[in-house]
Number of protein chains: 2
Amino acid sequence: MSDHTKAVVNLVYTANIISDKITDALKPFDVSTPQFNVLRILRGQKGKPANLSTIQERMIHKMSNTTRLVDKLIDKNFVKRHTCEQNRRKVEIFITNDGLNALIEMDKAVCEAEQQIIVELSKEELNTLNNLLDKLRV
Amino acid sequence: MSDHTKAVVNLVYTANIISDKITDALKPFDVSTPQFNVLRILRGQKGKPANLSTIQERMIHKMSNTTRLVDKLIDKNFVKRHTCEQNRRKVEIFITNDGLNALIEMDKAVCEAEQQIIVELSKEELNTLNNLLDKLRV
DNA sequence: TTACTATAATTGTATATACAAATGTTTATT
DNA sequence: AATAAACATTTGTATATACAATTATAGTAA
């Protein structure tokens, strides 16, 4: 196997293992990884609402169906949605207090899972890894 | 964002971009990435059949439903399946000549896509990346 | 032999995702 | 003002995936 094939396979394979661990960490909260990421994006808005298109741009997992993902979060009372009055095509999505509180707990669980994965790497190695990945995505 | 969170997000995000590019490269052949990987596993058997459980172990993407994935490959005439005579619980799956020939073309397309992704990294950087990823998965 | 356990694969069901088409709204053009 | 074009989201449909339950076969112990 050529070096670049090996790197690609290695990268995808490793990312998959990590994704699985994060999925496991989120299981007690009954949210999927994309749902968790949407909650983090909404928290990052610091009170400002986010449109669907904004959320979609920022998601790690590209997601053709953000509408239904948000529906699930509404069912759980983690977010609220209403149409934007200035531009009635848009919707405005907010994270609720319930959502914020749940997110704190999720963060703890996910952070713990991440640390367990990364524990083998030194601070310097982490930096190297980040730089190589950044370079890869030029 | 902490260094380890950044690395995890970076890794999963990058792997996702790569997966998308590989999916695109395979689109002309009408096979999904897991299907492509199964074909590669079967070619690696060098004529020997593989059982479903063997395939499942080796797959990059863990796949609860290998039966139906193989069904799709049979529909395309890329693999054959029959039950193992020594142990009738098992099935034996072979890659066909059609499958082998198609796989050669797929390899070309995927290899090209991979090289386009990896082009920014030197041989030494590729090695570093591979080592860091290996370390991560201890 | 019969019952029990383990193994290997398949099937059923719910949910997730990708892609395309449709809906409703705003902006631009004539 | 009427029509067309662009935008933002939603809905429909097919396929993929995860998880649990089921079927069929093989091995083991009473």
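Below, chains carry the letters A, B, ... as their sequence lines are ordered, and counting in each starts from 1. Values below: every heavy atom of this structure, side chains too, minus hydrogens, waters and symmetry copies.
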If I take atom CG in residue A/Asp30 and atom P in nucleotide C/dA14, what distance separates them, rounded to the nearest angstrom?
16 Å
Pairwise 5' ranking along DNA chain D for B/Lys72 and A/Thr23, keeping only the more 5' one
B/Lys72
Whole-Å distance separating the NE2 atom of A/His82 from the C1' atom of C/dT25:
18 Å
Indicate every side-chain donor-acceptor pair of residues 101-114 of chain B with a distance under 3.5 Å to a residue at least two apart or in another chain.
{"from": "B/Asn101", "atom 1": "ND2", "to": "B/Asn97", "atom 2": "O", "distance (Å)": "3.3"}
{"from": "B/Asp107", "atom 1": "OD2", "to": "B/Arg43", "atom 2": "NH1", "distance (Å)": "2.8"}
{"from": "B/Asp107", "atom 1": "OD2", "to": "B/Arg43", "atom 2": "NH2", "distance (Å)": "2.7"}
{"from": "B/Glu114", "atom 1": "OE1", "to": "A/Thr5", "atom 2": "OG1", "distance (Å)": "3.0"}

By nearest heavy atom, map A/Glu92 and A/Lys27 onto DNA chain D; which one lands nearer the 5' end?
A/Glu92
Over how many whole Å does the gap from B/Asn37 atom CG to D/dA16 atom P extend?
14 Å
Find the distance B/Gln35:CD to C/dA18:P and express it as a whole number of Å.
16 Å
Rounded to the nearest 0.5 Å, what's the gap from CE on B/Met59 to CG on B/Leu69? Could you check?
6.0 Å
Rounding to an integer number of Å, can you tell me how far A/Ile55 CD1 sits from D/dA8 P?
14 Å
Measure the distance from CG on B/Asp71 to P on D/dA16 and round it to the nearest whole Å.
11 Å
Polar atom pairs between nucleotides 2-8 of chain C and protein, under 3.5 Å, N or O only, would you list them?
{"from": "C/dT7", "atom 1": "O2", "to": "B/Arg89", "atom 2": "NH1", "distance (Å)": "3.1"}

With rounding to the nearest 0.5 angstrom, report the OG1 to CG distance, A/Thr14 to A/Leu11.
6.5 Å
Nearest heavy atoms of A/Leu42 and A/Ile93, plus distance in Å
CD2-O, 3.5 Å
Using the side chain to side chain donor-acceptor pair (under 3.5 Å) criterion, which residues pair with A/Lys72? Sequence neighbours excluded.
none
Separation of C/dA9 P from B/Gln86 CD (nearest whole Å)
14 Å
Starting from C1' on D/dA16, measure out to CD on B/Gln56 and report it in whole angstrom.
15 Å
Is the phosphate of C/dT10, meaning OP1 or OP2, less than 4.0 Å from a side-chain N or O of B/Arg81?
yes
Is the shortest distance from a Lys or Arg side-chain nitrogen in B/Asp98 or B/Lys76 to a carboxylate oxygen in the other one below 4.0 Å?
no
Are there more than 12 heavy atoms of other residues, nucleotides or ligands under 6.0 Å from atom NZ of B/Lys80?
no
